[in-house]
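Encoded as structure tokens, the structure appears first; notes follow it.
All values derive from a computational prediction rather than experimental measurement. Residue numbers begin at 1 in each chain, while the letters A, B, ... track the order of the sequences. The analysis underlying the following values was restricted to heavy atoms, covering all of them including side chains, and did not include hydrogens, waters or symmetry mates.
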Amino acid sequence: MKLYNSFSRTKEDFESSINFSARSDKTIKIYVCGPTVYDYIHIGNTRPMCVFDVLRRYLKYLGYNVKYVQNFTDVDDKIINRAHKENTGFFDISEKFIKEYKIDAAGLNVMPADVHPKASETIQEMIDMINILIKNKHAYATESGDVYFDTLSFENYGKLSNQTLSDLQTGARIDPNEAKKNATDFALWKASKPDEPFWDSPWGLGRPGWHIECSAMSRKFLGDTIDIHCGGQDLMFPHHENEIAQSEGCTGVKFSYFWLHNGYININDTKMSKSLNNFFTAREISEKYGYEAIRYFMISGHYKSPLNYTERAMQQSISSIQRLYNFKENLNFAINNKISESGVNLLENINKYKQDFLTAMNDDLNTSDALAVIFSMIKEANIKLSDFDVKFSVKNLEKIANCFNEFTSILGILYKNENNIKNQEEIDILLKDRDLARINKKWEKSDEIRDKLYKLGVAVKDTPNGTNVFKF
RNA sequence: GGCGUCGUAGCCAAGCGGUAAGGCAGAGGUCUGCAAAACCUUUAUUCACCGGUUCGAUUCCGGUCGACGCCUCCA
């Protein structure tokens with residue numbers, strides 16, 4: 001498998017770059033920068049959730065043991081501001097939105113991380129790291145009780161974002177209130193202000209800076225060196241740059257072999273922002289189009305490319321998913337209705353599709369191509385499947401179904417649970433009545449029953465081999 | 001100003017040196033009691049534009065135009 005590494009700005013062979021064959025610890029360690037939990041997650045937040053979930057699923061499919069950590073940033077200005085605004089506690093806000101996050105994540109079929117650390121529960125580890133950084137002369141404390149990272153002390157500073165310190169300094173802004181040595185220095189620890197959460201530290205009461213949170217949480221649960229660090233492209237600078245400086249300045253070893261950055265979700269080709277009034281939460285979009293349409297939309301293009309959110313794009317996703325579901329239903333119908341072990345094979349070359357799918361995924365998770373492979377398989381199968389006179393080998397049909405399910409579960413699509421239909425008896429009676437009406441050519445009545453069934457969440461398709469009934 | 005991404009059919013989107021995948025939408029048709037699903041036909045002599053390299057470029061190089069992102073604790 002090859003992955004594009006933002007650090008080297010090239011596609012690299014995964015196993016070679018992490019030195020997989022030579023190391024004793026075979027667990028793949030992944031850290032994903034998680035949301036700041038001050039509000040419902042927005043549509044942009046769902047991108048990294050979905051695409052790195054695909055990465056995780058695919059690595060597991062390939063047989064790797066994966067440890068996946070995604071944090072919750074629950075110590076942050078935005079949370080504090082919201083708490084003040086609503087006149088409630090900081091942790092009431094963060095706990096509420098962690099719960100809401102989990103609802104959205106489940107809706108999007110994003111597997112829970114192996115560990116979901118919270119910044120507020122990793123304070124001691126942050127203090128430990130800051131202490132080491134000060135000892136290593138990479139950080140300094142000011143009289144006011146703040147601690148800053150000394151960017152000039154870290155020679156590789158700027159390497160990830162491909163910028164030199166002098167470039168950065170011209171663009172950097174200095175807050176006159178800050179006692180920084182250099183414009184590019186950033187806070188590791190901030191002295192507490194009134195009405196803010198605080199913790200005790202060697203530098204007095206205060207709270208951690210944003211960047212150190214991720215360094216500490218990553219280190220605590222994954223160790224000094226991890227394999228893949230993921231996040232949105234906007235985090236590359238300064239957040240990820242600072243993480244590298246902190247972590248490597250502290251441990252002296254490589255922080256992460258790979259850096260993966262997902263592209264943005266734009267609204268009308270423009271970044272979404274509250275001021276432009278083009279801000280959408282995942283929740284409200286899911287209510288309109290369903291979570292699965294969001295999930296599909298997220299993987300319809302390459303994870304690094306920007307995606308433009310439009311109503312039309314969502315409708316297209318819904319239609320595409322429907323085609324996949326239809327195939328699944330039709331395949332199941334064939335399996336259940338063409339019981340003949342000795343029939344002909346529906347597809348001879350299942351392995352070819354499998355191979356093409358893997359090739360696509362191995363190429364830096366080309367989910368777009370992977371979907372195209374699935375649709376090609378569907379096309380070939382549908383052509384033969386529409387001939388109701390042919391008896392197909394059930395074994396072959398099942399093999400195709402397994403392969404199809406394998407593909408869709410790697411991509412994390414087609415997970416919609418069948419409706420738990422409570423009134424099964426009523427439905428059975430309606431189906432029988434409809435059959436009877438059709439035998440007697442009472443079309444009006446049979447159509448009426450079909451509508452009724454549809455409203456109950458049951459679709460019927462008449463075929464020469466009987467009626468294909470499925471719940472939606 | 002520095003760093004970076006992108007411009008492929010009505011829409012979405014792969015391909016990135018050998019002559020344009022896939023999905024959605026549209027039109028016509030087949031099948032069906034009607035539907036639904038599915039299938040068939042149809043939709044880019046062309047990949048923003050201009051040069052260059054090459055036997056050959058959407059794909060590489062240079063330039064132009066256009067859109068966008070980061071450098072403001074925003075995924």
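- Closest to the R438(A) side chain, of the nucleotides C70(B), G33(B), A75(B), is G33(B).
- On a pure distance criterion of 3.5 Å, no polar donor-acceptor pair joins the side chain of D387(A) and the base of C39(B).
- The residue H211(A) sits apart from the nucleic acid: no heavy atom pair falls under 4.0 Å.
- Nucleotide G69(B) holds its P atom 15 Å from the CZ atom of R47(A), rounded to whole Å.
- Side-chain atoms of H42(A) come within donor-acceptor range of the base of A75(B), with a qualifying N/O pair under 3.5 Å.
- For the pair F470(A) CZ and A38(B) C1', the interatomic distance rounds to 12 Å; values are reported in whole Å.
- Summarising the geometry, the separation between NZ on K452(A) and P on A35(B) is reported as 23 Å, rounded to the nearest angstrom.
- Separation of the P atoms belonging to G18(B) and A57(B) is 12 Å when rounded to the nearest angstrom.
- Distance D364(A) CG to C16(B) P: 12 Å, rounded to the nearest Å.
- For H116(A), there are no side chain to side chain donor-acceptor pair (under 3.5 Å) partners at least two apart in sequence or on another chain.
- Distance check on atom C1': G52(B) versus A13(B) gives 30 Å, rounded to whole Å.
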Heavy-atom contacts, protein to nucleotides 17-27 of chain B, under 4.0 Å, summarised as B (base), S (sugar-phosphate only) or - (none) per nt, yield ----BSBBS--
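- For the contact set between residues 349-360 of chain A and RNA chain B, defined by any heavy atom under 4.0 Å, there are no members.
- The phosphate of A38(B) (OP1 or OP2) has no side-chain N or O of N330(A) nearer than 4.0 angstrom.
- For the ring pair (Phe, Tyr, Trp, His ring centres under 6.0 Å) with H261(A), the qualifying choice from H229(A), H239(A), H240(A) is H240(A), the only one to do so.
- Tested against L3(A), the residues D363(A), I228(A), D13(A) include a single side-chain contact (heavy atoms from CB on, under 4.5 Å) partner, I228(A).
- Between the P atom of A38(B) and the CG atom of D462(A) lies a distance of 16 Å, rounded to the nearest Å.
- Comparing atom distances between the I383(A) side chain and each of G33(B), C39(B), A37(B) picks out C39(B) as nearest.
- At the heavy-atom level, G44(A) lies under 4.0 Å from base atoms of the strands shown.
- Between F186(A) and Y157(A), the ring planes are parallel. Angles under 30° get that label, and only those over 60° would be called perpendicular.
- Nucleotides A67(B) and G29(B) are separated by 44 Å at their P atoms, to the nearest Å.
- Counting non-hydrogen atoms of neighbouring residues, nucleotides and ligands closer than 6.0 angstrom, the OH atom of Y289(A) exceeds 12 such neighbours.
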Report the C-alpha distance between N468(A) and T463(A) in whole Å, list the side-chain angles of each, state the deciding distance to 0.1 Å, and finish with yes or no for side chain to side chain donor-acceptor pair (under 3.5 Å). CA-CA 7 Å; N468(A) 183 1; T463(A) 80; over 6 Å; no
Kindly determine whether K455(A) and D451(A) satisfy salt bridge (charged side-chain N to carboxylate O under 4.0 Å, His left out), including the steps that lead there. CA-CA 6 Å; K455(A) 279 175 192 155; D451(A) 290 345; over 6 Å; no
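- Taking the C1' atoms as reference points, G15(B) lies 15 Å from G23(B), given to the whole Å.
- Comparing atom distances between the F237(A) side chain and each of A35(B), C71(B), G33(B) picks out C71(B) as nearest.
- Between R207(A) and D77(A) there is a salt bridge, since at least one side-chain N of the basic residue sits less than 4.0 Å from a carboxylate O of the acidic one.
- C6(B) and A36(B) are spaced 41 Å apart, taking the C1' atom of each and rounding to whole Å.
- Residues T463(A) and I265(A) both approach RNA chain B. Their nearest nucleotides, taken by heavy-atom distance, put T463(A) toward the 5′ side.
- No contact: G209(A) has no heavy atom under 4.0 Å from any strand.
- Atoms CG (L365(A)) and C1' (A14(B)) sit 15 Å apart, rounded to a whole Å.
- Checking Y40(A) against D104(A) by side-chain atom types alone, no donor-acceptor pair falls below 3.5 Å.
- A salt bridge between K271(A) and D234(A) is absent, with no side-chain N of the basic residue lying under 4.0 Å from a carboxylate O of the acidic one.
- A salt bridge does not link D433(A) to K445(A): none of the charged side-chain nitrogens sits closer than 4.0 Å to a carboxylate oxygen.
- Secondary-structure annotation of RNA chain B gives the stems B:1-7 with B:65-71, B:10-12 with B:22-24, B:26-30 with B:38-42, B:48-52 with B:60-64, with a stem taken as at least 3 successive Watson-Crick or G-U pairs whose two distances both fall under 3.5 Å.
- A side-chain contact (heavy atoms from CB on, under 4.5 Å) with R450(A) is found for exactly one of L430(A), L431(A), V460(A), namely V460(A).
- By the 6.0 Å contact criterion, NZ on K304(A) is enclosed, its count of non-hydrogen atoms from other residues, nucleotides or ligands being greater than 12.
- At the heavy-atom level, N366(A) lies under 4.0 Å from the strands shown only through sugar-phosphate atoms.
- Judged by a 6.0 Å distance limit and a 45° cone about the ring axis, K181(A) is positioned over the six-membered ring of Y140(A).
- Among pairs with a residue in residues 302-331 of chain A, those fulfilling ring pair (Phe, Tyr, Trp, His ring centres under 6.0 Å) read F280(A)-Y309(A), F327(A)-F404(A), at least two apart in sequence or across chains.
- When distances run from any side-chain atom of D234(A) to the nucleotides C39(B), C71(B), A75(B), the shortest one goes to A75(B).
- Salt-bridge formation is not detected for the pair K461(A)/E329(A): no Lys NZ or Arg NE/NH1/NH2 atom is positioned less than 4.0 Å from an Asp or Glu carboxylate oxygen.
- Cation-pi geometry between R82(A) and Y38(A) is not met at under 6.0 angstrom from the ring centre and within 45 degrees of the axis.
- Rounded to an integer number of Å, the gap from I267(A) CD1 to A75(B) P is 14 Å.
- The gap from the C1' atom of G69(B) to that of G63(B) amounts to 23 Å, rounded to the nearest Å.
- Residue contacts shown for K441(A) are absent, as no nucleic acid heavy atom lies under 4.0 Å away.
- Rounded to a whole angstrom, the distance from the P atom of G56(B) to that of U19(B) is 16 Å.
- In terms of position along RNA chain B, the nucleotide closest to A313(A) lies nearer the 5' end than the nucleotide closest to the other residue of the pair G231(A) and A313(A).
- The nearest whole Å value for the distance from the NE2 atom in H302(A) to the C1' atom in A14(B) is 11 Å.
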Nucleotide N/O to protein N/O under 3.5 Å, stretch nucleotides 3-8 of chain B:
from	atom 1	to	atom 2	distance (Å)
C3(B)	O3'	N162(A)	ND2	2.8
C3(B)	O2'	S161(A)	O	2.8
G4(B)	OP1	N162(A)	ND2	2.4

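- Comparing the P positions of U42(B) and U32(B) gives a spacing of 24 Å, expressed to the nearest Å.
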